[in-house]
Amino acid sequence: MRGLNYSVAESAEGAIAPFAEARGAARYIAGRTSIYDLMKLAIERPAHLIDVSQIPDFDPIDTSGNVLRFGAGALMVDVVEAPLVRENYPILAESLLNAASQQLRNMGTVGGNLLQRIRCLYFRNGAGSFTAVGVYPCNKREPGSGCFALEGLDRTQAVLGTSDACIAVATGDWPVALTAMSTTVEVFGPDGTRSIAIGDLYWLPKATLDQEFNLPTGELITAIVVPKASVYHKIRDRESYAFALASAAMMVDIDGSTVRFGQYRAGWCRHYALVRHGDRSGAGWHPTHPRRRPRSRSAAFAEARPGRNNGFKIELGSRVIADALMIANERNA
């Protein structure tokens with residue numbers, strides 16, 4: 001049995017100090033809804049868990065001013081139930097309501113939700129079976145070992161942001177909604193505080209394979225800053241507690257029968273919810289008949305690389321984008 005240290009941080013500074021001492025073998029925990037699963041699967045093998053959930057002022061939800069500011073430790077359920085979020089930021093409430101079960105929303109934090117690792121069958125636990133860990137090669141587990149998904153079951157895998165080394169789909173609805181809204185993420189680390197665009201938080205599986213997040217050693221997400229937006233729409237195999245096949249986050253300004261300003265992000269079709277892939281303007285659309293402009297709505301998938309069983313995501317994703325626009329128009333009426 002491997003030894004494991006556990007400590008509770010009383011400040012951000014008190015969290016990064018033991019992280020640095022562990023020399024890359026530490027992990028931050030808050031809601032604890034993900035890391036324990038990864039440890040059971042031997043994907044994560046930390047020597048030190050640093051609990052950041054007790055840091056003072058780590059979880060405030062500030063709805064004043066022109067932006068929303070979420071402390072990274074804010075619970076998903078608290079964000080969903082905040083009256084102003086429900087009224088003026090439905091895209092956020094919808095993405096979190098679609099993201100997990102009520103039990104997980106009661107425990108999970110919005111900062112931790114940004115750092116979910118991929119849920120490829122081969123990465124996590126073989127091809128959906130309880131086989132021994134490591135039976136299938138995975139470049140995320142061991143760079144250079146290969147990607148079994150390239151020739152295996154790929155129905156739920158990504159068609160955007162992939163590479164010849166990995167086609168895993170990103171996990172998460174919350175990050176997709178945030179990327180549609182020009183969100184910034186505040187982090188604290190050994191070199192102090194910095195803000196980064198959420199699209200720069202993630203790596204594509206090209207330059208890096210075993211690293212998915214652009215966070216230098218020891219950096220801790222402290223806050224999420226969000227402007228206003230419109231709608232989040234998601235399609236899955238079953239309505240209750242299932243991961244998505246395709247989703248769309250949309251921010252629009254509708255004037256009568258014309259979209260004056262619009263941008264959207266396609267989700268659950270890509271490696272991570274990056275601004276660089278599948279992001280297009282919807283300005284000029286007719287909101288009640290968005291499917292009359294197939295070139296516009298399908299532009300998000302111009303760089304798609306379908307596999308043997310997931311090509312349907314291109315048409316499905318385009319339709320989800322069109323449906324999201326119609327939902328936004330209905331709310332504007």
Side-chain angles (χ1 to χ4, degrees), residues 1-9 12 14-55 58 72-73 75-76 99-101 103-145 147-149 156 166 168-175 187 189 201-203 205 208-221 241 243 271-272:
M1 179 178 296
R2 299 176 63 248
L4 180 65
N5 294 324
Y6 170 83
S7 62
V8 179
I16 64 173
F19 199 107
E21 293 173 2
R23 298 182 180 181
R27 293 292 182 272
Y28 296 128
I29 59 172
R32 305 171 177 85
T33 60
S34 178
I35 185 65
Y36 292 164
D37 288 342
L38 296 173
M39 290 170 64
K40 290 176 183 178
L41 295 172
I43 294 173
E44 295 281 0
R45 297 173 177 267
H48 190 168
L49 294 178
I50 304 168
D51 190 337
V52 298
S53 64
Q54 303 304 309
I55 296 177
F58 193 55
L75 298 180
M76 296 166 64
S101 66
Q103 294 90 334
L104 289 174
R105 289 196 295 272
N106 289 342
M107 291 290 295
T109 65
V110 291
N113 191 277
L114 296 181
L115 302 178
Q116 295 182 81
R117 299 202 66 185
I118 59 173
R119 290 190 178 272
C120 173
L121 295 170
Y122 304 105
F123 170 73
R124 293 218 169 214
N125 201 30
S129 63
F130 293 101
T131 54
V133 170
V135 167
Y136 299 103
C138 174
N139 285 321
K140 287 287 187 182
R141 284 182 177 273
E142 185 179 349
S145 63
C147 176
F148 202 87
T156 60
C166 181
V169 71
T171 299
D173 301 292
W174 174 245
V187 299
L201 181 62
Y202 303 102
W203 294 118
T208 63
L209 290 170
D210 57 336
Q211 299 179 37
E212 293 153 31
F213 311 109
N214 181 19
L215 290 175
T217 300
E219 282 199 332
L220 172 69
I221 293 177
Y241 190 45
F243 294 115
H271 184 72
Y272 270 104

**Whether Tyr202 side chain and Leu114 backbone form a donor-acceptor pair below 3.5 Å** = yes

**Message:** If I take atom CG from residue Asn113 and atom CG from residue Asp173, how far apart are they, to the nearest 0.5 angstrom?
**Reply:** 8.0 Å

**Prompt:** Going from OH on Tyr28 to CD1 on Ile55, what distance comes out if it is rounded to the nearest 0.5 angstrom?
**Reply:** 8.0 Å

**Message:** Just verifying a value: how many Å separate Leu38 CG and Gln116 CD, rounded to the nearest 0.5 Å?
**Reply:** 9.5 Å

**Request:** Please report the closest heavy-atom contact between Tyr6 and Arg32, naming both atoms and the distance.
**Result:** OH-NH2, 3.4 Å

**Request:** Kindly determine whether Ser145 and Asn139 satisfy side-chain contact (heavy atoms from CB on, under 4.5 Å), including the steps that lead there.
**Result:** CA-CA 5 Å; Ser145 63; Asn139 285 321; 4.0 Å; yes

**Request:** With side-chain contact (heavy atoms from CB on, under 4.5 Å) as the test, would you mind laying out the steps for Met76 and Leu104 before giving the verdict?
**Result:** CA-CA 8 Å; Met76 296 166 64; Leu104 289 174; 5.8 Å; no

**Request:** Check step by step if side-chain contact (heavy atoms from CB on, under 4.5 Å) holds for Leu75 and Asn106.
**Result:** CA-CA 7 Å; Leu75 298 180; Asn106 289 342; over 6 Å; no

**Prompt:** Is Arg124 reaching over with its side chain to a backbone N or O of Ile118, donor-acceptor style, under 3.5 angstrom?
**Reply:** yes

**Asked** According to the interplanar angle, ranging from 0 to 90°, do the rings of Phe148 and Tyr122 count as parallel (below 30°), tilted (30 to 60°) or perpendicular (above 60°)?
**Response** tilted

**Check: Val169 main-chain N/O paired with Arg119 side-chain donor or acceptor under 3.5 Å** = no

**Asked** Going from CG on Leu49 to CE on Met39, what distance comes out if it is rounded to the nearest 0.5 angstrom?
**Response** 5.0 Å

**Prompt:** Rounded to the nearest 0.5 Å, how far does CD of Glu212 lie from CG of Leu115?
**Reply:** 10.0 Å

**Asked** Between Leu4 and Pro46, what is the shortest heavy-atom contact and its length?
**Response** CD1-O, 3.3 Å

**Request:** Start with the C-alpha distance between Arg117 and Glu44, add both sets of side-chain angles, then the distance that settles side-chain contact (heavy atoms from CB on, under 4.5 Å), and finish with yes or no.
**Result:** CA-CA 10 Å; Arg117 299 202 66 185; Glu44 295 281 0; 3.6 Å; yes

**Asked** Of all heavy-atom pairs between Ala168 and Cys120, which one has the smallest distance, and what is that distance?
**Response** CB-CB, 3.9 Å

**Asked** Taking all non-hydrogen atoms of both residues, which atom of His48 and which atom of Ser7 are closest, and how far apart?
**Response** NE2-OG, 2.8 Å

**Asked** Which distance, rounded to the nearest 0.5 Å, do you find between the CD1 of Ile16 and the OG1 of Thr217?
**Response** 12.0 Å

**Asked** Of the non-hydrogen atoms in Tyr36 and Ile29, which two are nearest, and what is the gap between them?
**Response** OH-CD1, 4.1 Å

**Message:** So which atom in Ile50 and which in Phe19 form the shortest heavy-atom distance, rounded to 0.1 Å?
**Reply:** CD1-N, 3.5 Å

